[in-house]
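Worksheet: the structure to be examined is printed underneath.
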Amino acid sequence: MKKTLTSLALALSLLSPHLYAKNNVVVVATGGTIAGAGASSTNSATYTAAKVPVNDLLNAVPQIKDLANVSGIQALQIASENITDRELVALARQINDLVKKPDVNGIVITHGTDTLEETAFFLNLVIHTDKPIVIVGSMRPGTALSADGPLNLYNAVALASSDDAKGKGTLVMMNDSIFAARDVTKAINIHTNAFNSQWGALGTVVEGKTYWFRETTKRHNNTSEFNIEDIKTDTLPLVQIVYGSDNMLAQSYLALQQAGVKAIVNAGTGNGSVPKYIVPTLNQLQQQSIQIVRSSRVPQGFVVRNAEQPDDKYGWVAAHDLNPQKARLLTALALTKNADAKELQRMFYTY
Ligand code: GLU
């Protein structure tokens with residue numbers, strides 16, 4: 001009986017190999033704490049990021065071989081706060097080349113957690129594919145007690161190799177949760193439950209199996225109007241963020257104008273409010289073709305157009321629910337298409 005079943009399975013696997021063959025997942029390593037090492041096992045916060053090479057990361061979790069055929073590429077070996085638009089564009093081109101290969105079924109990117117959300121959102125906007133792209137990090141280095149990297153990596157490979165992750169947008173896998181790139185953010189800088197989304201996780205991975213509970217309604221990947229293949233430069237139009245508080249200085253904005261910014265994201269207080277003594281400076285910059293985007297320093301909620309400030313009158317843009325760092329990237333991409341303020345506002349409602 002057992003022999004008959006084995007022969008049947010073999011015959012079926014020859015007839016429809018895709019039902020039985022494991023998917024091919026490429027792990028693209030960029031550094032961060034998931035590749036970090038500390039002096040002792042009790043150093044959970046004091047360590048050097050971006051030390052361990054990709055093959056050692058993969059060998060430390062041999063269980064991933066049960067999930068997929070996994071290969072590794074060392075794209076970068078840096079702490080993620082060192083990523084600039086230049087690295088982001090180069091990484092996107094590398095990922096774009098990989099997803100075009102017929103024998104690649106899914107991508108995992110290991111990344112520092114500090115700017116993980118930026119890379120995830122950028123790829124969500126510029127890579128046209130249905131194949132799962134999963135960004136993963138860890139909060140503790142591999143040398144620490146209860147390191148979270150190995151299980152995060154295992155879950156990320158499970159997610160990237162699962163057919164049900166196709167077409168769901170670029171995903172972030174942290175602490176067993178699956179998040180959408182557009183609204184995930186690093187919200188805690190010291191614990192393993194570091195990431196959240198004000199709209200909730202999309203699902204979870206448990207024992208290598210994916211469970212889905214919601215989907216994003218926003219355009220991403222295949223349905224995005226942006227494409228890394230249309231970006232011919234090695235970097236992006238310069239967009240910077242000014243953090244709002246009491247006691248602001250007009251000079252902060254003027255210094256950015258001097259530096260050549262094409263747009264300024266104002267991480268305003270509350271609902272993206274701007275002090276009345278700063279408004280004339282922003283209007284002056286807007287009239288000199290620097291786009292003004294009103295975002296908020298408050299982690300949850302969204303900026304309502306024409307509420308705290310008359311955006312229609314000033315020609316400003318409301319960042320909706322995108323946080324300042326994501327607003328910066330969407331604005332930079334919009335400027336590659338010479339979007340005006342109206343067009344930029346449409347994009348903020350679309351992505
Ligand atoms: N600052 C480093 C980075 O973002 C380490 C933080 C981390 O990965 O958790 O790469």
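Read the numbers this way: they start at 1 and go in the same order the structure lists the ligands and their atoms. Hydrogens, waters and symmetry mates play no part in the numbers below; they use all other heavy atoms, side chains included.
- Here's the thing with Glu81: one of its N/O atoms is less than 3.5 angstrom from an N/O atom of ligand 1.
- Classification of Lys326 and Asp183 as a salt-bridged pair fails, no side-chain N sitting under 4.0 Å from a carboxylate O.
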Handout entry: Residue pair Thr210, Asp164: steps toward the side-chain hydrogen bond (donor to acceptor under 3.5 Å, both in side chains) verdict
Key = CA-CA 8 Å; Thr210 53; Asp164 56 27; 2.8 Å; yes

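- Of all the atoms in ligand 1, the ones that sit under 4.0 Å from a non-hydrogen atom of Thr33 are 5 (C), 6 (C), 7 (C), 8 (O), 9 (O).
- Nearest non-hydrogen protein atom to atom 9 (O) of ligand 1 is Thr113 OG1, 2.4 Å.
- In this structure, Tyr351 and Phe226 have tilted ring planes: the angle between them lies in the 30° to 60° band.
- Taking every non-hydrogen atom of Gly32 and a distance limit under 4.0 Å, the qualifying atoms of ligand 1 come out as 8 (O), 10 (O).
- A 4.5 Å side-chain heavy-atom check between Leu171 and Met173 finds every atom pair outside the cut-off.
- For atom 3 (C) of ligand 1, the nearest non-hydrogen atom from the set Ala45, Ser80, Ala49 comes from Ser80.
- Considering every non-hydrogen atom in both Thr33 and Arg140, the closest pair reads CG2-C, 3.4 Å.
- With a heavy-atom cut-off of 4.0 Å, Ala50 does not touch ligand 1 at all.
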